[in-house]
Amino acid sequence: MANEVIFGTRHLDKPWTLATYRSAGGYETLKKVVTEKVSSEEIINEVKKSALRGRGGAGFPTGLKWSFMPRQFKGDKYLVCNSDEGEPGTFKDRDILRYNPHQLIEGMAIAAYAMGVKVGYNYIHGEIWEVYERMEQAVQEALAAGFLGDNLFGTDFSFRVYNHHGYGAYVCGEETALLESIEGKKGQPRFKPPFPASYGLYGKPTNVNNTETLASIPYIIRHGGQKFLELGKPNNGGTKIFSVSGHVNKPGNYEVGMGTPFKDLLEMAGGMRDGRPLKACIPGGSSVPVVPGHIMMDLTMDYDSIAKAGSSLGAGSVIVMDDTVCMVKALERLSYFYFEESCGQCTPCREGTGWLYRIVHRIEHGQGRTEDLDLLLNVSENIAGRTICALGEAAAGPVISFLKHFRDEFEYHIEHGKCMV
């Protein structure tokens, strides 16, 4: 695809190698920024102009987040790449690390230069060891070639990257739990404020960005924020990698412009398997509200459009479900995941996720009661907004949305003790 920002080198031989990346102009942008002493303000303004929003799920404006870092702080500061991709339906970042790791390294180096950082960490999800090894190889190549290390390109700018292999805990995708894990402690979220920009890794100012976010930076600085913006739509600049899974003929990662109609993305993924109708779609990973199929077909894939439909773009993890799916069984599986992954620090999440799973489990297995539906909503509403991090809300959101759109299936289960479909 001509407008691919991150997967544009995938057609080349061994795209993960330094030689291939350099043949496509790799590291030239970093060299220009450092040797020509481009100002931090100029770089951050281009990122703001691009309308790049955090690709890890929150969608926070990247340039604005960078501006929170204290540029004149004299002590140590850190840049952290969040490659802890552990939510059901997510699998884009591991392909960036697998096929284009040097673009991520260059993006991290440019970001570090803009924020006055000398040390960066890439926190990689614990269940993808081969990807960690690929990233380690890329870092060593960059070090040997002089694109990482001390006094880059003969200047006073130094930057090193360290890959940190996690342990597979979903909660470490939350930025402060990730920082705790890097420090060698149990991966549990911190209270905020203070935010990482003022008190982050080892108590120092820290910027945390997603893998896809940082890998977009070389294109933005090389071609300009306006060019990146025009690949998408206002307030939703650039391309986005959508991880399409479920009942489609060609599941996989698809990089398209923000604002692409969902029906076009579905067509790229080969359409519905066996030609069956689209029943529902979870557009941003398992933590976001489900959207009925007839509504989803009229949406465009960007933060604002999906939000107006009552859901979230999240990390762009599109879970497609056809008319054979029992929504009670689907919710049971999701609820079990959040019950298992709660770190246990907050009582509403620790206890509430277990209640949600057990209630949905008994409905699925023919032991449900009519009052269970209101109980599910009551428990969900007492989790959301009452926890340190968003895992509790991630568990509650699917329950509330499944009951909102597919309550009849839950009622049928309770009345007949079996699936409607």
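By convention here, the first residue in the shown sequence is residue 1.
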Quick one: sort the Phe153 and Phe147 rings into parallel, tilted or perpendicular, breaks at 30° and 60°. tilted
With sequence neighbours left out, what residues match Ala280 under side-chain contact (heavy atoms from CB on, under 4.5 Å)? Val290, Met321, Met327, Phe406
Check: Cys349 main-chain N/O paired with Thr353 side-chain donor or acceptor under 3.5 Å: yes
What closest approach, in Å, do Val288 and Ser312 show between heavy atoms, and which atom pair accounts for it? CG2-O, 3.7 Å
Any donor-acceptor pair under 3.5 Å linking the side chain of Glu393 with the backbone of Gly385? yes
Run the salt bridge (Lys or Arg N to Asp or Glu O under 4.0 Å) test against Lys37 and tell me which residues pass, sequence neighbours left out. none
Does anything in residues 226-263 form a ring-ring contact (aromatic ring centres under 6.0 Å, His included)? List the pairs, not counting sequence neighbours. none
Over 60° means perpendicular and under 30° means parallel, so tell me whether Phe60 and Phe68 are parallel, tilted or perpendicular. tilted
I need the full list of ring-ring contact (aromatic ring centres under 6.0 Å, His included) pairs touching residues 308-348, with sequence neighbours left out, sorted by first then second residue. Tyr170-Phe337, Tyr170-Tyr338, Tyr336-Tyr357, Phe339-Tyr357
Name all residues meeting the ring-ring contact (aromatic ring centres under 6.0 Å, His included) criterion together with Phe402; count only those two or more places apart in sequence or in a different chain, and write none if there are none. none
Phe159: partners by ring-ring contact (aromatic ring centres under 6.0 Å, His included), with sequence neighbours left out: none
Apply salt bridge (Lys or Arg N to Asp or Glu O under 4.0 Å) to the pair Glu409 and Lys279, showing each step before the final yes or no. CA-CA 13 Å; Glu409 291 197 31; Lys279 180 176 184 176; 2.4 Å; yes
Should Asp304 and Arg53 count as an ion pair when the cut-off is N to O under 4.0 Å? yes
Can you name the nearest heavy-atom pair linking Leu266 to Met297, along with the distance? CD2-SD, 4.1 Å
Residue pairs fulfilling salt bridge (Lys or Arg N to Asp or Glu O under 4.0 Å) with at least one residue in residues 313-338, sequence neighbours excluded: Arg276-Asp323
side-chain contact (heavy atoms from CB on, under 4.5 Å) with Lys185: which residues, sequence neighbours excluded? Glu180, Glu183
Which atom pairs, one a donor and one an acceptor, fall under 3.5 Å between side chains of residues 192-204 and the rest of the protein, sequence neighbours left out?
{"residue": "Lys192", "atom": "NZ", "partner": "Glu174", "partner atom": "OE2", "Å": "3.4"}
{"residue": "Ser198", "atom": "OG", "partner": "Phe195", "partner atom": "O", "Å": "3.0"}

To the nearest 0.5 Å, what is the distance between CE (Met135) and CZ (Arg94)? 15.5 Å
Just so I know, are the side chains of Leu331 and Pro398 near enough to count as touching, which here means a heavy-atom distance under 4.5 Å? yes
All side chain to side chain donor-acceptor pair (under 3.5 Å) counterparts of Glu267, not counting sequence neighbours: none
Pairs where residues 153-165 contributes a residue and the test salt bridge (Lys or Arg N to Asp or Glu O under 4.0 Å) is met, not counting sequence neighbours: Asp150-Arg160
Which heavy atom in Leu356 sits nearest to a heavy atom in Ala395, and how many Å separate them? CD1-O, 4.0 Å
Carboxylate-amine/guanidinium proximity below 4.0 Å for Lys49 and Glu46: yes
Could you tell me the separation between the CG atom of Asp84 and the CD atom of Glu175, rounded to the nearest 0.5 Å? 12.5 Å
How close do Ser83 and Thr211 get, counting heavy atoms only, and between which atoms? OG-OG1, 2.6 Å
Are the side chain of Lys227 and the backbone N or O of Ser50 linked by a donor-acceptor pair below 3.5 Å? no
Least distance between heavy atoms, Asp93 atom then Asn82 atom: OD2-O, 4.3 Å
Listed by chain and number, what are the side-chain contact (heavy atoms from CB on, under 4.5 Å) partners of Asn209, not counting sequence neighbours? Thr62, Lys65, Trp66, Asn207, Thr213, Leu214
Write down the atom of Ile43, the atom of Ala114, and the distance for their closest heavy-atom approach. CG2-CB, 3.8 Å
Between Asp95 and Lys92, does a salt bridge (Lys or Arg N to Asp or Glu O under 4.0 Å) hold up when you go through it step by step? CA-CA 5 Å; Asp95 271 2; Lys92 64 179 178 65; over 6 Å; no
